[in-house]
Amino acid sequence: MKKRQKAVPVLTAAIGFSVLMSMGSLAAYSDSGPGVASLWKQDERGWWHPNLDGSYPADQWQQINRKWYYFDAEGYMKENCWIETDGKYYRLGSDGAMLSSQEIEVDGKTYTLNESGEVTNGNPQEMSEAELAVYSLAQGIVSRITNDSMSKPDKAAAIYRWVQGNMTYTSNGPIGDPVEGAMYGFRRHSGCCYEYYAMSHYLLLAAGMPNIEVVRASDNHHYWNLVDVDGTWYHFDATPRRLGGNWCLVPTSYLQQVSWGSHNYDIEAYPKTP
């Protein structure tokens, strides 16, 4: 069985997408996307699509029923992420299909996509001056608490310990802007769950681990991170809890069994965990 490389925020495609667009469909199937059992296949790691000759697309774009999808090096469909091809950025939706001819908002930033799906307004990798300042602080901390011999899980654990050991939980602190929240936490060493999320966001980024915000579905009043560790997504919540426990790199099943009241979220709207 293939092992899936999970989605990351920005990937570089191995094949020029503009060339593929000019070639048209590489495989003309009659299905309409993941969920069509007769053609799309799914295992515990994600969706993949066999070709008529028994092979499957890998590390490339492929058009299926007039929609473009990107498959990673092991043949699994990517979703909810940016794909970089020939210096151009494209966005995949929650169903894996490339978005086009619309304006979208990702992580509080607005992007315009043309009819070919290319970003024509906005840069997914561009940081503002304020964000660069926060990122610089995070890089300094990460350089002190980690080293090159550590694995990414080890670095995540070091970040988890640093945030918990250097923050005091309060009900105060800005919510809604990760740059403002992280700077508030770094300067005051205190804040609510949003500051814990925001600081962790930039610390994990500085350690080479892309991550996204998760919001509690029941009331939208708790925030934590979903982090990509070498292609696999895990939950990361450094906010202290009265019941204790380790919430560094845990799967969704752990949240469901131990703390679903505090960590319930829309599972289908986020990348899958093991």
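Starting from 1, each residue takes its place in the sequence as its number.
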Residue among W48, Y76, F71, Y69 satisfying ring pair (Phe, Tyr, Trp, His ring centres under 6.0 Å) with Y56: W48
Partner of F236 under ring pair (Phe, Tyr, Trp, His ring centres under 6.0 Å), chosen from W224, Y160, Y254: Y160
Is any side-chain heavy atom of [X] closer than 4.5 Å to a side-chain heavy atom of [Y]?
X	Y	value
M77	L92	no
M183	P174	no
I175	Y223	yes
M199	Y194	no
L113	E118	no

Under a 3.5 Å threshold, yes or no: a donor from one side chain and an acceptor from the other, between [X] and [Y]?
X	Y	result
T273	T252	yes
R91	S100	no
T239	W247	no
Q62	N51	yes
D59	Y70	yes
H189	N166	no
Y196	N225	no
N264	S218	yes
R188	T168	no

Check whether [X] and [Y] end up in the same hydrophobic cluster, where Ile, Leu, Val, Met, Phe, Trp and Tyr are linked by side-chain heavy atoms less than 4.5 Å apart.
X	Y	answer
M150	I141	no
Y89	Y111	yes
L203	Y184	no

Ion pair K109/E131, N-O distance below 4.0 Å: yes
Proximity of H263 and H235 rings by center, below 6.0 Å: no
Evaluation steps, ring pair (Phe, Tyr, Trp, His ring centres under 6.0 Å), between Y90 and W61: CA-CA 11 Å; Y90 304 85; W61 288 96; 5.7 Å; yes
Residue E129 excluded, over 12 heavy atoms near CD under 6.0 Å: no
